[in-house]
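See below for the structure under consideration.
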Protein chains: 2
Amino acid sequence: MGSSSAIGEFEQLVVLAVLQLGREAYGVAIRTVIEERTDRPVSRGAVYTTLDRLESKGLLSSSVSPTTSPGTGQARRYYQVEPEGIEALHEARAALRQMWTGLEPLLGEL
Amino acid sequence: MGSSSAIGEFEQLVVLAVLQLGREAYGVAIRTVIEERTDRPVSRGAVYTTLDRLESKGLLSSSVSPTTSPGTGQARRYYQVEPEGIEALHEARAALRQMWTGLEPLLGEL
DNA sequence: ACCAAGACGTATACATTGTAGGCCTCACCG
DNA sequence: CGGTGAGGCCTACAATGTATACGTCTTGGT
C-alpha cells in the first residue's frame, strides 16, 4: 500500500492490543481488549485473519504455547510485535498527527 | 464496517485535508496537502475515488465552482466536511487514543 | 481560428484490508 | 464417552486503497 510498511486501521488496533497484553497476547484476549477499549464489536474471525496477515507482513511473530494451563482448551498461539510493527505504528501516527496539526480550534484538543 | 459511521485510514487523511484547506478544498489541492504533510506519494485517482466514496457516505458534500478564475482549467469541485465527517474523525481518534493509552513508556510520548 | 499544453475531474480496474461465520481440535467434567 | 467451553483456522465476500488511462476546459501561442 504505502511507501514502506503500511498498515490499516484495524491492523493498528491489533498491533496495539498485542503490545497492551505483553506476554498474554493471544487471539481471544486480543479481541477482548479491542472490544473493551474501543467499545465496538469485533468478530473472532476478524482478529485471526488480521493476525495472520500481520505476521506474514513481518510486523508480528507468533508461537504456540508449550504450556497447557488448566482451564485452557486448545493450545494458545501467542503473538509478539516485531520492530517493523513498532515502526509501522509510528509512521501511521506521525501521518495522522501531521494532518491534525492546526485543527485544534476546529475540532478540539489533540 | 464499524458500529455507526466507520472511516478508513486514507479516508481520514482526506477529510482532514479538506478541513485544512477550508474553502480551497478541491482535488488537486487536497492531494498536495496530503503529500506534503505525510511525505508520501498519493496518486490523483486515489484522491478522487476516495472523495467520491466519502460523499456518498455523507461525510463530505461538494459543489462545482461557479467561478472560473484565470489560470484554472476545468471547473473545480469543492468539498466540505459534513457533521457526520467530523464525528467519524472523532470516533476514529478516540479508538486509537484508547488503544495507545498506557503504552507511552514503550513507544514514546503521545 | 487552430492546436498544443496545463489544470482538473471522471471512469475503470485490481490489490489490500476489513469482517463475519462456520468448522475443527483439545482438555475437562459428569 | 458425550457435552461444553476455550481457542484457533478456513473461506468467502464487502469495503477501502491506489493506479492508470481518458475526457474536458481554458489559455497561450502562431
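Throughout, a chain's letter reflects where its sequence line sits, starting with A, and its residues are numbered from 1. Excluded from the calculations below are hydrogen atoms, water molecules and symmetry mates; all remaining heavy atoms, backbone and side chain alike, are included.
- The separation between A:Phe10 atom CZ and D:dG17 atom P is 15 Å, rounded to whole Å.
- For the pair A:Arg44 and D:dA6, the criterion of a side-chain N or O lying under 4.0 Å from OP1 or OP2 is not met.
- Panel note: side chain B:Gln20, backbone A:Met99; a donor-acceptor pair is recorded below 3.5 Å.
- Comparing atom distances between the A:Glu11 side chain and each of D:dC10, C:dT17, D:dA6 picks out C:dT17 as nearest.
- Between B:Tyr79 and A:Val47, the residue anchored closer to the 5' end of DNA chain C is B:Tyr79, taking for each the nucleotide with the nearest heavy atom.
- In this structure, the side chains of B:Val28 and B:Tyr48 come closer than 4.5 Å at one or more pairs of heavy atoms.
- With hydrogens and angles ignored, the 3.5 Å screen pairs no side-chain donor or acceptor of B:Ser62 with any backbone N or O of B:Arg77.
- For a distance-only test at 3.5 Å, the side chain of A:Glu9 fails to qualify as a donor-acceptor partner of the base of C:dG18.
- When all heavy atoms of A:Ile30 and A:Ala25 are compared, the closest pair comes out as CD1-C, 4.1 Å.
- Taking the nucleotide of DNA chain C with the nearest heavy atom to each of A:Thr50 and A:Gln74, the more 5' of the two is matched to A:Thr50.
- We find that CD1 of A:Ile30 is positioned 15 Å from P of C:dG18, with the value rounded to whole Å.
- Base engagement by A:Tyr48 is indicated by at least one non-hydrogen atom pair under 4.0 Å involving a base atom.
- Protein atom CD1 of B:Ile34 is 12 Å distant from nucleotide atom P of D:dA19, rounded to whole Å.
- Using a cutoff of 4.0 Å between basic side-chain nitrogens and carboxylate oxygens, B:Arg40 and A:Glu91 are not scored as salt-bridged.
- Atom CZ in B:Arg31 sits about 14 Å away from atom C1' in C:dG6, given to the nearest Å.
- Not a single donor-acceptor pair, N or O on each side, falls under 3.5 Å between the base of C:dA11 and the side chain of B:Thr49.
- Classification of the B:His90-A:Trp100 ring pair by plane angle, with boundaries at 30° and 60°, yields tilted.
- Contact of B:Arg53 with D:dG17 (side chain to base): a donor-acceptor pair of N or O atoms is detected under 3.5 Å.
- In this structure, the CD atom of A:Glu35 is 9 Å from the P atom of C:dA20, given to the nearest Å.
- The side chain of A:Lys57 has C:dT17 as its nearest neighbour among C:dA20, C:dC8, C:dT17.
- Looking at B:Glu82 and B:Lys57, no side-chain N of the basic residue comes within less than 4.0 Å of a carboxylate O on the acidic one, giving no salt bridge.
- In this structure, of C:dG18, D:dT18, C:dC8, it is C:dC8 that holds the atom nearest to the side chain of B:Tyr26.
- Using a 4.0 Å heavy-atom cutoff across all strands shown, A:Gly45 reaches at least one base atom of the nucleic acid.
- The stretch residues 15-23 of chain A does not touch DNA chain D, since none of its heavy atoms comes less than 4.0 Å from the strand.
- Atoms CG (A:Asp52) and P (C:dG18) sit 14 Å apart, rounded to a whole Å.
- The phosphate of C:dA20 has OP1 or OP2 within less than 4.0 Å of a side-chain N or O from A:Ser43.
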- Query: Where do B:Leu96 and A:Leu13 land on the side-chain contact (heavy atoms from CB on, under 4.5 Å) test, with the steps shown first?
  - Reply: CA-CA 7 Å; B:Leu96 246 348; A:Leu13 300 184; 4.0 Å; yes
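- Distance from the side chain of B:Val28 is smallest to C:dG9 among D:dA6, C:dT19, C:dG9.
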